[in-house]
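Below: the structure, in C-alpha coordinates.
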Amino acid sequence: MRGCLVVAALAVAAPAQAGPLTTRAPAVDLPAGRLGDAVLALGRQSGTSIVVGDPALWGRRVPAVRGRMSAREALDRLASAVNADVVAAGPVGWRLVTRAPRVVSVRAKRPKVIPVAAPVAEGADIVVTGSKRDVRLRDFAGQVALLDGVDLALGGAGGTEAILARLASVSSTHLGAGRNKLFIRGIADSSFTGPTQTTVGQYFGDLRLSYNAPDPDLRLYDIASVEVLEGPQGTLYGAGSLGGIIRTVPNAPELGAVSASISGGLSATWHGDPGTDLGATLNVPLGERVALRVVGYGVSEGGYIDNPVLDRRDVNRTRIGGGRAMLRLDAGSGWTVDLGGIGQWTKGDDSQYADRDAPALTRSSAIVQGFSADYMMGQVVVSGAIGGLKVRSSTGIVRQTLTERYDATLPVVDPTLPVTNGPAFGSPLTTAAGSPRVFAQRNATDMIANETRVWRPMRNGFGWVVGGSFTHNRTRLSRSLGPVDAPAPVTGVTNSIDEATLYGEGSVQLVRGLTATAGARHAGIAGRDW
(Lines give C-alpha, C1' and ligand atoms only; values in the text may rest on other atoms or scores of the structure.)
Protein backbone atom coordinates (compact mmCIF):
# COMPACT_ATOMS: atom_id res chain seq x y z
CA MET A 1 0.00 0.00 0.00
CA ARG A 2 1.47 3.33 -1.00
CA GLY A 3 0.75 7.00 -0.34
CA CYS A 4 1.87 9.99 -2.35
CA LEU A 5 1.71 13.73 -1.62
CA VAL A 6 2.63 16.19 -4.39
CA VAL A 7 3.22 19.86 -3.59
CA ALA A 8 3.64 22.56 -6.23
CA ALA A 9 4.13 26.27 -5.70
CA LEU A 10 4.10 25.49 -1.98
CA ALA A 11 0.52 24.13 -2.20
CA VAL A 12 -1.09 20.73 -2.67
CA ALA A 13 -1.84 20.12 -6.36
CA ALA A 14 -4.40 17.61 -7.63
CA PRO A 15 -4.56 16.31 -11.22
CA ALA A 16 -6.67 18.51 -13.44
CA GLN A 17 -9.51 17.05 -15.41
CA ALA A 18 -10.35 17.72 -19.02
CA GLY A 19 -14.05 18.16 -18.26
CA PRO A 20 -15.83 20.66 -16.01
CA LEU A 21 -14.67 20.78 -12.40
CA THR A 22 -17.13 19.90 -9.71
CA THR A 23 -14.94 21.11 -6.84
CA ARG A 24 -13.09 24.31 -6.15
CA ALA A 25 -10.55 24.98 -8.88
CA PRO A 26 -6.89 24.54 -7.85
CA ALA A 27 -4.48 27.43 -7.49
CA VAL A 28 -2.30 28.14 -10.52
CA ASP A 29 0.88 30.23 -10.31
CA LEU A 30 2.74 30.59 -13.62
CA PRO A 31 5.43 33.32 -13.83
CA ALA A 32 5.94 35.46 -16.89
CA GLY A 33 8.60 34.20 -19.28
CA ARG A 34 8.95 31.56 -21.98
CA LEU A 35 5.99 29.42 -22.97
CA GLY A 36 8.07 26.27 -22.49
CA ASP A 37 8.84 27.11 -18.86
CA ALA A 38 5.20 28.02 -18.18
CA VAL A 39 3.95 24.76 -19.71
CA LEU A 40 6.38 22.71 -17.60
CA ALA A 41 5.29 24.52 -14.46
CA LEU A 42 1.60 24.05 -15.31
CA GLY A 43 2.11 20.34 -15.95
CA ARG A 44 3.71 19.89 -12.55
CA GLN A 45 1.15 21.97 -10.69
CA SER A 46 -1.85 20.23 -12.28
CA GLY A 47 -0.56 16.71 -12.90
CA THR A 48 -1.35 16.93 -16.61
CA SER A 49 0.58 16.08 -19.78
CA ILE A 50 1.08 19.01 -22.19
CA VAL A 51 2.88 18.72 -25.54
CA VAL A 52 4.04 21.70 -27.62
CA GLY A 53 3.75 20.60 -31.22
CA ASP A 54 5.75 23.41 -32.85
CA PRO A 55 9.29 24.08 -31.52
CA ALA A 56 8.91 27.72 -32.57
CA LEU A 57 6.27 28.17 -29.87
CA TRP A 58 8.56 27.02 -27.07
CA GLY A 59 10.52 30.26 -26.70
CA ARG A 60 7.66 32.74 -27.16
CA ARG A 61 6.97 35.06 -24.24
CA VAL A 62 3.84 34.73 -22.13
CA PRO A 63 2.46 36.85 -19.28
CA ALA A 64 2.04 35.60 -15.72
CA VAL A 65 -1.06 33.49 -15.06
CA ARG A 66 -2.20 33.32 -11.44
CA GLY A 67 -5.40 32.47 -9.64
CA ARG A 68 -7.81 29.61 -9.10
CA MET A 69 -8.67 27.95 -12.38
CA SER A 70 -8.58 24.61 -14.14
CA ALA A 71 -5.52 23.52 -16.07
CA ARG A 72 -7.46 23.96 -19.32
CA GLU A 73 -8.37 27.55 -18.45
CA ALA A 74 -4.73 28.37 -17.66
CA LEU A 75 -3.60 26.69 -20.87
CA ASP A 76 -6.15 28.67 -22.89
CA ARG A 77 -4.64 31.90 -21.55
CA LEU A 78 -1.13 30.78 -22.49
CA ALA A 79 -2.30 29.70 -25.94
CA SER A 80 -4.03 33.01 -26.55
CA ALA A 81 -0.82 34.90 -25.70
CA VAL A 82 1.19 33.01 -28.36
CA ASN A 83 -1.56 32.70 -30.95
CA ALA A 84 -1.92 28.93 -30.60
CA ASP A 85 -4.76 26.43 -30.29
CA VAL A 86 -5.34 23.82 -27.55
CA VAL A 87 -6.19 20.29 -28.71
CA ALA A 88 -7.31 17.60 -26.24
CA ALA A 89 -5.10 14.50 -26.05
CA GLY A 90 -6.70 12.05 -23.65
CA PRO A 91 -8.50 12.69 -20.35
CA VAL A 92 -5.66 14.69 -18.74
CA GLY A 93 -3.56 15.81 -21.67
CA TRP A 94 -3.43 18.55 -24.30
CA ARG A 95 -1.39 19.66 -27.29
CA LEU A 96 -0.50 23.25 -28.17
CA VAL A 97 -0.35 23.76 -31.93
CA THR A 98 0.28 26.87 -33.96
CA ARG A 99 -2.96 28.50 -35.02
CA ALA A 100 -3.82 28.02 -38.70
CA PRO A 101 -3.11 31.01 -40.98
CA ARG A 102 -5.95 33.43 -41.60
CA VAL A 103 -6.60 34.37 -45.20
CA VAL A 104 -7.80 37.93 -45.83
CA SER A 105 -9.00 38.98 -49.29
CA VAL A 106 -8.54 42.61 -50.28
CA ARG A 107 -10.35 44.32 -53.15
CA ALA A 108 -7.45 44.65 -55.54
CA LYS A 109 -6.20 43.14 -58.75
CA ARG A 110 -4.82 40.19 -56.82
CA PRO A 111 -5.97 38.79 -53.49
CA LYS A 112 -3.47 39.34 -50.70
CA VAL A 113 -2.76 36.61 -48.16
CA ILE A 114 -1.68 37.78 -44.74
CA PRO A 115 -0.24 34.91 -42.70
CA VAL A 116 -0.82 35.40 -39.00
CA ALA A 117 1.35 32.43 -37.94
CA ALA A 118 3.14 29.38 -39.31
CA PRO A 119 1.09 26.49 -40.70
CA VAL A 120 -0.48 24.16 -38.22
CA ALA A 121 1.72 21.31 -37.08
CA GLU A 122 0.76 17.82 -38.15
CA GLY A 123 0.26 16.39 -34.67
CA ALA A 124 2.60 16.49 -31.71
CA ASP A 125 6.21 15.66 -32.52
CA ILE A 126 7.86 13.12 -30.23
CA VAL A 127 11.59 13.76 -30.28
CA VAL A 128 14.20 11.04 -29.72
CA THR A 129 17.01 12.88 -27.92
CA GLY A 130 19.14 9.72 -27.80
CA SER A 131 19.69 10.23 -31.54
CA LYS A 132 22.07 13.08 -30.51
CA ARG A 133 20.37 15.37 -33.02
CA ASP A 134 16.77 15.52 -31.81
CA VAL A 135 15.20 13.33 -34.48
CA ARG A 136 11.42 12.99 -34.56
CA LEU A 137 10.24 9.52 -33.61
CA ARG A 138 8.63 8.94 -37.01
CA ASP A 139 11.96 9.78 -38.71
CA PHE A 140 14.19 7.71 -36.40
CA ALA A 141 15.77 4.77 -38.21
CA GLY A 142 15.60 2.17 -35.47
CA GLN A 143 13.61 0.57 -32.70
CA VAL A 144 13.06 2.83 -29.69
CA ALA A 145 10.88 2.59 -26.60
CA LEU A 146 9.91 5.77 -24.71
CA LEU A 147 8.90 5.60 -21.05
CA ASP A 148 7.31 8.66 -19.46
CA GLY A 149 8.71 9.67 -16.09
CA VAL A 150 5.20 10.04 -14.64
CA ASP A 151 4.44 6.42 -15.52
CA LEU A 152 7.72 5.24 -13.99
CA ALA A 153 6.84 6.96 -10.72
CA LEU A 154 3.56 5.07 -10.33
CA GLY A 155 3.80 2.70 -7.39
CA GLY A 156 6.94 4.41 -6.12
CA ALA A 157 10.06 5.46 -7.99
CA GLY A 158 12.11 2.31 -8.39
CA GLY A 159 15.42 1.80 -10.11
CA THR A 160 16.29 -0.18 -13.21
CA GLU A 161 13.74 -2.83 -12.25
CA ALA A 162 11.01 -0.30 -13.12
CA ILE A 163 12.32 -0.31 -16.70
CA LEU A 164 12.64 -4.10 -16.78
CA ALA A 165 9.05 -4.47 -15.62
CA ARG A 166 7.77 -2.44 -18.57
CA LEU A 167 10.02 -3.64 -21.41
CA ALA A 168 10.43 -7.30 -22.33
CA SER A 169 13.54 -6.54 -24.39
CA VAL A 170 15.58 -5.42 -21.33
CA SER A 171 16.82 -8.01 -18.82
CA SER A 172 19.24 -8.21 -15.90
CA THR A 173 21.41 -10.66 -13.98
CA HIS A 174 19.31 -9.94 -10.83
CA LEU A 175 22.29 -9.97 -8.46
CA GLY A 176 20.97 -7.00 -6.52
CA ALA A 177 20.94 -3.21 -6.60
CA GLY A 178 24.24 -1.81 -7.87
CA ARG A 179 25.58 -5.24 -8.92
CA ASN A 180 23.69 -6.11 -12.09
CA LYS A 181 24.71 -6.38 -15.69
CA LEU A 182 22.02 -5.39 -18.21
CA PHE A 183 21.10 -6.96 -21.54
CA ILE A 184 18.93 -5.71 -24.39
CA ARG A 185 17.42 -8.36 -26.68
CA GLY A 186 19.66 -10.93 -24.94
CA ILE A 187 22.90 -9.53 -26.40
CA ALA A 188 25.71 -9.94 -23.86
CA ASP A 189 29.33 -11.04 -23.60
CA SER A 190 28.81 -12.79 -20.24
CA SER A 191 26.98 -12.43 -16.94
CA PHE A 192 29.97 -10.76 -15.30
CA THR A 193 31.55 -7.34 -15.65
CA GLY A 194 35.07 -7.25 -17.02
CA PRO A 195 37.70 -4.91 -18.54
CA THR A 196 35.85 -4.44 -21.85
CA GLN A 197 33.04 -1.95 -22.09
CA THR A 198 29.52 -3.18 -21.52
CA THR A 199 27.27 -4.13 -24.41
CA VAL A 200 24.52 -1.83 -23.11
CA GLY A 201 25.39 1.86 -22.82
CA GLN A 202 23.71 3.68 -19.93
CA TYR A 203 23.43 7.46 -20.06
CA PHE A 204 22.12 10.04 -17.65
CA GLY A 205 21.32 13.03 -19.81
CA ASP A 206 24.28 13.32 -22.19
CA LEU A 207 26.85 11.60 -19.97
CA ARG A 208 27.66 7.92 -19.80
CA LEU A 209 27.11 6.43 -16.34
CA SER A 210 29.95 3.92 -16.63
CA TYR A 211 32.31 2.22 -19.07
CA ASN A 212 32.65 -1.37 -17.82
CA ALA A 213 31.17 -1.22 -14.31
CA PRO A 214 27.85 -2.72 -13.16
CA ASP A 215 24.55 -0.89 -13.49
CA PRO A 216 24.53 1.70 -10.62
CA ASP A 217 20.73 1.27 -10.42
CA LEU A 218 20.00 4.96 -9.79
CA ARG A 219 16.54 5.61 -8.39
CA LEU A 220 14.19 7.17 -10.95
CA TYR A 221 12.93 10.10 -8.88
CA ASP A 222 11.98 13.30 -10.75
CA ILE A 223 12.65 11.82 -14.19
CA ALA A 224 11.23 13.30 -17.40
CA SER A 225 11.63 10.17 -19.55
CA VAL A 226 13.67 7.08 -20.30
CA GLU A 227 14.63 6.16 -23.87
CA VAL A 228 15.65 2.60 -24.76
CA LEU A 229 17.28 2.34 -28.19
CA GLU A 230 17.78 -1.22 -29.34
CA GLY A 231 21.26 -1.80 -30.76
CA PRO A 232 23.55 -1.77 -32.37
CA GLN A 233 23.96 2.02 -32.40
CA GLY A 234 27.56 1.91 -33.59
CA THR A 235 27.94 5.20 -35.50
CA LEU A 236 26.96 7.43 -32.59
CA TYR A 237 27.84 5.31 -29.57
CA GLY A 238 30.51 2.80 -30.65
CA ALA A 239 31.14 -0.71 -29.35
CA GLY A 240 29.34 0.02 -26.08
CA SER A 241 25.97 -0.15 -27.84
CA LEU A 242 25.89 -3.63 -29.39
CA GLY A 243 22.87 -4.43 -27.26
CA GLY A 244 21.50 -0.91 -27.20
CA ILE A 245 21.26 2.31 -25.21
CA ILE A 246 19.32 3.20 -22.07
CA ARG A 247 19.15 6.99 -21.69
CA THR A 248 17.56 8.56 -18.62
CA VAL A 249 16.48 12.20 -18.99
CA PRO A 250 16.03 14.08 -15.69
CA ASN A 251 13.71 17.04 -15.23
CA ALA A 252 15.70 20.21 -15.76
CA PRO A 253 15.66 23.19 -13.37
CA GLU A 254 12.80 25.59 -14.13
CA LEU A 255 13.68 29.27 -14.32
CA GLY A 256 11.30 31.59 -12.53
CA ALA A 257 9.27 28.86 -10.82
CA VAL A 258 9.18 27.59 -7.25
CA SER A 259 7.93 24.04 -6.87
CA ALA A 260 8.29 21.17 -4.46
CA SER A 261 7.08 17.61 -4.15
CA ILE A 262 7.36 14.83 -1.62
CA SER A 263 6.34 11.20 -1.99
CA GLY A 264 6.47 8.26 0.35
CA GLY A 265 5.28 4.70 0.47
CA LEU A 266 5.11 1.44 2.33
CA SER A 267 5.48 -1.99 0.75
CA ALA A 268 4.77 -5.51 1.91
CA THR A 269 6.95 -8.43 0.83
CA TRP A 270 5.63 -11.96 0.72
CA HIS A 271 7.70 -14.19 3.06
CA GLY A 272 9.64 -11.11 4.14
CA ASP A 273 9.91 -7.79 5.89
CA PRO A 274 8.07 -4.59 4.95
CA GLY A 275 9.82 -1.78 3.07
CA THR A 276 9.63 1.99 2.95
CA ASP A 277 10.66 4.78 0.60
CA LEU A 278 10.69 8.55 0.76
CA GLY A 279 11.67 11.09 -1.88
CA ALA A 280 11.53 14.87 -2.22
CA THR A 281 12.17 17.42 -4.98
CA LEU A 282 12.69 21.17 -4.71
CA ASN A 283 13.02 23.70 -7.54
CA VAL A 284 14.12 27.21 -6.53
CA PRO A 285 14.96 30.18 -8.80
CA LEU A 286 18.06 32.11 -7.72
CA GLY A 287 17.40 35.24 -9.71
CA GLU A 288 16.01 35.70 -13.19
CA ARG A 289 18.66 33.61 -14.95
CA VAL A 290 19.57 30.93 -12.40
CA ALA A 291 17.59 28.02 -10.97
CA LEU A 292 18.47 25.12 -8.66
CA ARG A 293 16.77 21.73 -8.63
CA VAL A 294 17.51 19.28 -5.80
CA VAL A 295 16.33 15.68 -5.37
CA GLY A 296 16.83 13.49 -2.30
CA TYR A 297 15.56 10.03 -1.41
CA GLY A 298 15.90 7.07 0.91
CA VAL A 299 14.72 3.49 0.33
CA SER A 300 14.63 0.39 2.53
CA GLU A 301 13.69 -2.85 0.76
CA GLY A 302 12.63 -5.69 3.04
CA GLY A 303 14.55 -8.97 3.04
CA TYR A 304 12.95 -12.33 2.19
CA ILE A 305 15.78 -14.94 2.44
CA ASP A 306 16.18 -17.04 5.61
CA ASN A 307 19.53 -18.46 6.84
CA PRO A 308 18.92 -21.34 9.27
CA VAL A 309 22.65 -21.85 9.90
CA LEU A 310 22.90 -18.42 11.54
CA ASP A 311 19.30 -18.65 12.81
CA ARG A 312 18.36 -15.46 10.97
CA ARG A 313 15.26 -14.59 8.98
CA ASP A 314 14.86 -12.12 6.10
CA VAL A 315 18.61 -11.53 5.98
CA ASN A 316 18.86 -9.66 2.66
CA ARG A 317 17.44 -6.21 3.47
CA THR A 318 18.79 -3.50 1.14
CA ARG A 319 19.08 0.18 2.01
CA ILE A 320 19.54 2.91 -0.60
CA GLY A 321 20.12 6.60 -0.04
CA GLY A 322 21.04 9.29 -2.50
CA GLY A 323 20.20 12.44 -4.37
CA ARG A 324 21.25 14.83 -7.05
CA ALA A 325 21.36 18.55 -7.68
CA MET A 326 21.55 20.67 -10.81
CA LEU A 327 22.17 24.39 -11.14
CA ARG A 328 21.12 25.95 -14.44
CA LEU A 329 22.44 29.30 -15.68
CA ASP A 330 20.75 31.05 -18.58
CA ALA A 331 23.75 32.69 -20.22
CA GLY A 332 21.62 34.54 -22.78
CA SER A 333 21.31 34.26 -26.55
CA GLY A 334 19.99 30.73 -26.17
CA TRP A 335 22.98 29.39 -24.21
CA THR A 336 22.71 27.51 -20.91
CA VAL A 337 25.25 26.09 -18.46
CA ASP A 338 24.27 23.18 -16.19
CA LEU A 339 26.34 22.19 -13.16
CA GLY A 340 25.23 18.98 -11.49
CA GLY A 341 26.11 16.16 -9.17
CA ILE A 342 24.73 12.69 -8.40
CA GLY A 343 25.36 10.48 -5.40
CA GLN A 344 23.85 7.15 -4.40
CA TRP A 345 24.90 4.73 -1.67
CA THR A 346 23.56 1.16 -1.58
CA LYS A 347 24.10 -1.35 1.21
CA GLY A 348 22.83 -4.93 1.20
CA ASP A 349 22.84 -6.86 4.48
CA ASP A 350 23.24 -10.17 2.63
CA SER A 351 23.04 -11.70 -0.84
CA GLN A 352 19.64 -12.46 -2.32
CA TYR A 353 20.17 -15.95 -3.75
CA ALA A 354 18.64 -19.14 -2.30
CA ASP A 355 19.92 -22.72 -2.26
CA ARG A 356 18.52 -24.87 -5.07
CA ASP A 357 17.82 -28.05 -3.08
CA ALA A 358 16.75 -26.34 0.16
CA PRO A 359 13.30 -25.17 1.27
CA ALA A 360 11.98 -22.17 -0.68
CA LEU A 361 13.73 -18.83 -0.06
CA THR A 362 16.33 -20.43 2.22
CA ARG A 363 20.12 -20.36 2.13
CA SER A 364 22.50 -22.11 4.51
CA SER A 365 25.64 -20.02 4.81
CA ALA A 366 28.20 -19.83 7.61
CA ILE A 367 28.99 -16.16 6.94
CA VAL A 368 27.17 -12.96 6.09
CA GLN A 369 27.50 -12.15 2.39
CA GLY A 370 26.79 -8.44 2.42
CA PHE A 371 27.70 -5.91 -0.25
CA SER A 372 27.88 -2.17 -0.80
CA ALA A 373 27.66 -0.18 -4.04
CA ASP A 374 28.50 3.54 -4.13
CA TYR A 375 28.17 5.87 -7.11
CA MET A 376 29.12 9.53 -7.54
CA MET A 377 29.16 11.78 -10.60
CA GLY A 378 29.92 15.45 -11.23
CA GLN A 379 29.02 17.05 -14.55
CA VAL A 380 29.16 20.26 -16.56
CA VAL A 381 26.98 20.69 -19.66
CA VAL A 382 27.16 23.73 -21.95
CA SER A 383 24.59 24.01 -24.73
CA GLY A 384 23.42 26.64 -27.16
CA ALA A 385 22.92 27.56 -30.78
CA ILE A 386 25.03 29.21 -33.46
CA GLY A 387 22.81 30.31 -36.26
CA GLY A 388 20.72 27.31 -37.23
CA LEU A 389 23.14 24.85 -35.62
CA LYS A 390 22.98 23.43 -32.09
CA VAL A 391 26.05 22.87 -29.92
CA ARG A 392 26.50 20.84 -26.75
CA SER A 393 29.58 19.95 -24.72
CA SER A 394 29.27 17.58 -21.75
CA THR A 395 32.01 16.72 -19.27
CA GLY A 396 31.70 14.33 -16.35
CA ILE A 397 33.78 12.63 -13.68
CA VAL A 398 32.60 9.36 -12.10
CA ARG A 399 33.64 7.33 -9.07
CA GLN A 400 31.98 3.92 -8.62
CA THR A 401 32.85 1.30 -5.99
CA LEU A 402 31.40 -2.18 -5.48
CA THR A 403 32.42 -4.31 -2.48
CA GLU A 404 31.17 -7.90 -2.18
CA ARG A 405 31.56 -10.90 0.15
CA TYR A 406 30.95 -14.55 -0.71
CA ASP A 407 30.91 -17.75 1.32
CA ALA A 408 33.99 -19.76 0.27
CA THR A 409 33.73 -22.42 3.00
CA LEU A 410 35.04 -25.81 1.78
CA PRO A 411 32.80 -28.87 2.27
CA VAL A 412 33.87 -31.81 4.43
CA VAL A 413 33.59 -35.16 2.62
CA ASP A 414 32.41 -38.33 4.34
CA PRO A 415 33.84 -41.32 2.37
CA THR A 416 31.54 -43.80 4.13
CA LEU A 417 28.38 -42.50 2.49
CA PRO A 418 27.17 -43.78 -0.91
CA VAL A 419 27.38 -41.59 -3.98
CA THR A 420 23.96 -40.16 -4.83
CA ASN A 421 24.52 -36.56 -5.85
CA GLY A 422 28.25 -36.23 -6.42
CA PRO A 423 30.00 -35.37 -9.67
CA ALA A 424 30.29 -37.82 -12.53
CA PHE A 425 33.53 -39.33 -11.23
CA GLY A 426 31.86 -40.47 -8.01
CA SER A 427 32.82 -38.27 -5.05
CA PRO A 428 30.82 -39.14 -1.91
CA LEU A 429 28.14 -37.00 -0.32
CA THR A 430 29.16 -33.99 1.75
CA THR A 431 27.87 -34.07 5.29
CA ALA A 432 29.23 -30.90 6.83
CA ALA A 433 31.12 -27.70 6.14
CA GLY A 434 34.66 -26.90 7.18
CA SER A 435 35.92 -23.77 8.89
CA PRO A 436 34.17 -20.67 7.52
CA ARG A 437 36.08 -18.90 4.76
CA VAL A 438 35.24 -15.70 2.94
CA PHE A 439 36.04 -14.50 -0.56
CA ALA A 440 35.89 -10.70 -0.79
CA GLN A 441 36.44 -8.42 -3.75
CA ARG A 442 36.39 -4.70 -4.34
CA ASN A 443 35.89 -3.15 -7.76
CA ALA A 444 36.77 0.57 -7.85
CA THR A 445 36.22 2.48 -11.10
CA ASP A 446 37.19 6.05 -11.99
CA MET A 447 36.09 7.63 -15.26
CA ILE A 448 36.50 11.01 -16.91
CA ALA A 449 34.52 11.62 -20.10
CA ASN A 450 33.80 14.46 -22.49
CA GLU A 451 31.64 14.66 -25.58
CA THR A 452 31.20 17.70 -27.80
CA ARG A 453 28.92 17.74 -30.81
CA VAL A 454 27.36 20.10 -33.35
CA TRP A 455 24.19 19.21 -35.18
CA ARG A 456 21.60 20.51 -37.56
CA PRO A 457 18.09 19.30 -36.70
CA MET A 458 16.14 17.76 -39.55
CA ARG A 459 14.80 20.66 -41.60
CA ASN A 460 13.65 20.74 -45.19
CA GLY A 461 14.51 17.07 -45.55
CA PHE A 462 18.12 17.29 -44.35
CA GLY A 463 19.93 16.99 -41.01
CA TRP A 464 23.32 15.95 -39.64
CA VAL A 465 25.54 15.66 -36.56
CA VAL A 466 29.32 15.62 -36.06
CA GLY A 467 31.10 15.18 -32.77
CA GLY A 468 34.01 13.83 -30.81
CA SER A 469 34.50 12.25 -27.41
CA PHE A 470 37.25 11.21 -25.03
CA THR A 471 36.95 8.69 -22.21
CA HIS A 472 39.51 7.68 -19.61
CA ASN A 473 38.48 4.70 -17.49
CA ARG A 474 40.52 3.02 -14.75
CA THR A 475 39.31 -0.06 -12.88
CA ARG A 476 41.06 -1.59 -9.89
CA LEU A 477 39.89 -5.07 -8.86
CA SER A 478 41.31 -6.37 -5.57
CA ARG A 479 40.49 -9.73 -3.94
CA SER A 480 41.10 -11.61 -0.70
CA LEU A 481 40.42 -15.19 0.42
CA GLY A 482 40.70 -17.01 3.74
CA PRO A 483 39.37 -17.08 7.29
CA VAL A 484 36.62 -14.60 8.04
CA ASP A 485 38.73 -12.61 10.50
CA ALA A 486 41.96 -12.58 8.43
CA PRO A 487 41.55 -13.22 4.68
CA ALA A 488 44.78 -13.05 2.65
CA PRO A 489 45.13 -10.95 -0.50
CA VAL A 490 44.99 -12.88 -3.79
CA THR A 491 45.62 -11.91 -7.37
CA GLY A 492 43.92 -8.70 -8.51
CA VAL A 493 44.18 -6.56 -11.61
CA THR A 494 44.18 -2.91 -12.64
CA ASN A 495 42.88 -2.01 -16.09
CA SER A 496 43.22 1.41 -17.72
CA ILE A 497 41.67 2.42 -21.04
CA ASP A 498 41.78 5.68 -23.03
CA GLU A 499 39.35 6.01 -25.91
CA ALA A 500 39.11 8.92 -28.38
CA THR A 501 36.46 8.97 -31.09
CA LEU A 502 35.21 11.07 -33.98
CA TYR A 503 31.81 10.43 -35.53
CA GLY A 504 29.36 11.88 -37.99
CA GLU A 505 25.93 11.06 -39.34
CA GLY A 506 23.58 12.64 -41.86
CA SER A 507 20.07 12.06 -43.14
CA VAL A 508 18.33 13.02 -46.37
CA GLN A 509 14.62 12.63 -47.00
CA LEU A 510 14.40 11.00 -50.42
CA VAL A 511 10.62 11.10 -50.65
CA ARG A 512 7.88 11.62 -48.10
CA GLY A 513 8.11 8.75 -45.62
CA LEU A 514 11.53 7.53 -46.85
CA THR A 515 14.76 8.86 -45.34
CA ALA A 516 18.32 7.68 -46.08
CA THR A 517 20.83 7.85 -43.20
CA ALA A 518 24.58 7.22 -43.34
CA GLY A 519 27.37 7.72 -40.84
CA ALA A 520 30.92 6.87 -39.88
CA ARG A 521 32.89 6.52 -36.65
CA HIS A 522 36.62 6.36 -35.99
CA ALA A 523 37.91 5.28 -32.58
CA GLY A 524 41.36 4.97 -31.11
CA ILE A 525 41.78 2.84 -27.96
CA ALA A 526 44.85 2.42 -25.78
CA GLY A 527 44.82 0.26 -22.67
CA ARG A 528 47.01 -1.68 -20.28
CA ASP A 529 46.65 -4.13 -17.42
CA TRP A 530 48.86 -4.60 -14.39
Nearest atoms (heavy-atom pairs only) where A213 meets T198: O-CG2, 3.9 Å
Student check: side-chain heavy atoms of D148 and D151 closer than 4.5 Å: yes
pair V228-V170: side-chain heavy atoms closer than 4.5 Å: yes
Contact check, side chains of N283 and N251, non-hydrogen atoms, under 4.5 Å: no
Polar side-chain atom of D277 near backbone of G298 as donor-acceptor pair, under 3.5 Å: no
Donor-acceptor pair between D215 and T160 side chains, under 3.5 angstrom: yes
Smallest separation among heavy atoms of G159 and L220, with atom names: O-CD1, 3.5 Å
Donor-acceptor under 3.5 Å (S80 side chain, D76 main chain): no
S172 side chain to H174 backbone, donor-acceptor under 3.5 Å: yes
Side-chain heavy atoms of Q379 within contact of S394, under 4.5 Å: no
Lys/Arg N to Asp/Glu carboxylate O, D222 vs R293, below 4.0 Å: yes
Under 3.5 Å side-chain donor-acceptor pair for S171 and R185: no
Backbone N/O of A64 and side chain of R77: donor-acceptor pair under 3.5 Å: no
Any donor-acceptor pair under 3.5 Å from E73 side chain to S70 backbone: yes
Spacing of CD belonging to Q400 relative to CE belonging to M376, to within rounding of 0.5 Å: 10.0 Å
Side-chain heavy-atom pair V62, V82 within 4.5 angstrom cut-off: yes
Shortest non-hydrogen contact from W464 toward V454: CZ3-O, 3.5 Å
Minimum heavy-atom distance Y221-S263, with the two atoms named: CE2-OG, 4.0 Å
Short side-chain to backbone donor-acceptor contact, E161 and G158, under 3.5 Å: no
Pairwise side-chain contact, L147 with L167, heavy-atom cut-off 4.5 Å (strictly under): yes
Test item: side-chain donor near acceptor, N180 and D217, under 3.5 Å: no
Main-chain N/O of Q233 paired with S241 side-chain donor or acceptor, under 3.5 Å: yes
side-chain contact (heavy atoms from CB on, under 4.5 Å) between L255 and D330, worked out: CA-CA 8 Å; L255 298 175; D330 183 355; 3.8 Å; yes
Atom pair CZ (R34) and CZ (R61), whose distance is rounded to the nearest 0.5 Å: 8.0 Å
Verdict with supporting geometry, I163 and I246, side-chain contact (heavy atoms from CB on, under 4.5 Å): CA-CA 9 Å; I163 301 174; I246 299 177; 4.2 Å; yes
Reported CG-to-CG distance for the pair L218 and L209, which is rounded to 0.5 angstrom: 5.5 Å
Any donor-acceptor N/O pair, R521 side chain to L236 backbone, under 3.5 Å: yes
Distance, nearest 0.5 Å, that separates CZ of R60 from CG of L35: 9.0 Å
Test log, rule side chain to side chain donor-acceptor pair (under 3.5 Å), inputs D374 and T401: CA-CA 5 Å; D374 302 335; T401 304; 5.6 Å; no
Please tabulate, one pair per line, all N/O donor-acceptor pairs under 3.5 Å involving side-chain atoms of residues 332-342, not counting sequence neighbours.
unit_1 : atom_1 : unit_2 : atom_2 : d
W335   : NE1    : A385   : O      : 3.4
T336   : OG1    : S383   : OG     : 2.9
D338   : OD1    : R328   : NE     : 2.8
D338   : OD2    : R328   : NH2    : 2.9

Side chain to side chain, R392 and T452, heavy atoms closer than 4.5 Å: no
Side-chain donor-acceptor contact under 3.5 Å, T129 with E227: yes
Stepwise side-chain contact (heavy atoms from CB on, under 4.5 Å) check, V284 with L282: CA-CA 6 Å; V284 182; L282 176 64; 3.5 Å; yes
From CG (L96) to CG (L78), nearest 0.5 Å: 7.5 Å
R247 side chain vs F204 backbone, donor-acceptor pair below 3.5 Å: no
Cation-pi check, R399 onto Y375 ring (under 6.0 Å, within 45° of axis): no
Heavy-atom donor-acceptor pair, N316 side chain to Y304 backbone, under 3.5 Å: yes
Which atom of A449 lies closest to which atom of T471, heavy atoms considered: CB-OG1, 4.0 Å
Close aromatic pair by centroid cut-off 6.0 Å: Y237 and Y203: yes
Nearest atoms (heavy-atom pairs only) where G178 meets P214: O-CB, 3.7 Å
Salt-bridge contact E499-R208 (side-chain N to carboxylate O under 4.0 Å): no
Side chains of S300 and T276, donor plus acceptor under 3.5 Å: no
Carboxylate-amine/guanidinium proximity below 4.0 Å for D206 and R453: yes
Steps toward side-chain contact (heavy atoms from CB on, under 4.5 Å) verdict (V65, D29): CA-CA 6 Å; V65 177; D29 186 0; over 6 Å; no
Electrostatic pair E301-K347, nearest N-O below 4.0 angstrom: no
Test: K390 and D134 ion pair at under 4.0 Å: yes
Separation between CE of M69 and CG of L75, rounded to the nearest 0.5 Å: 11.5 Å
Check: E230 and S169 side chains under 4.5 Å, non-hydrogen atoms: yes
Salt bridge (charged side-chain N to carboxylate O under 4.0 Å, His left out) involving K132 - partner list, sequence neighbours excluded: E451
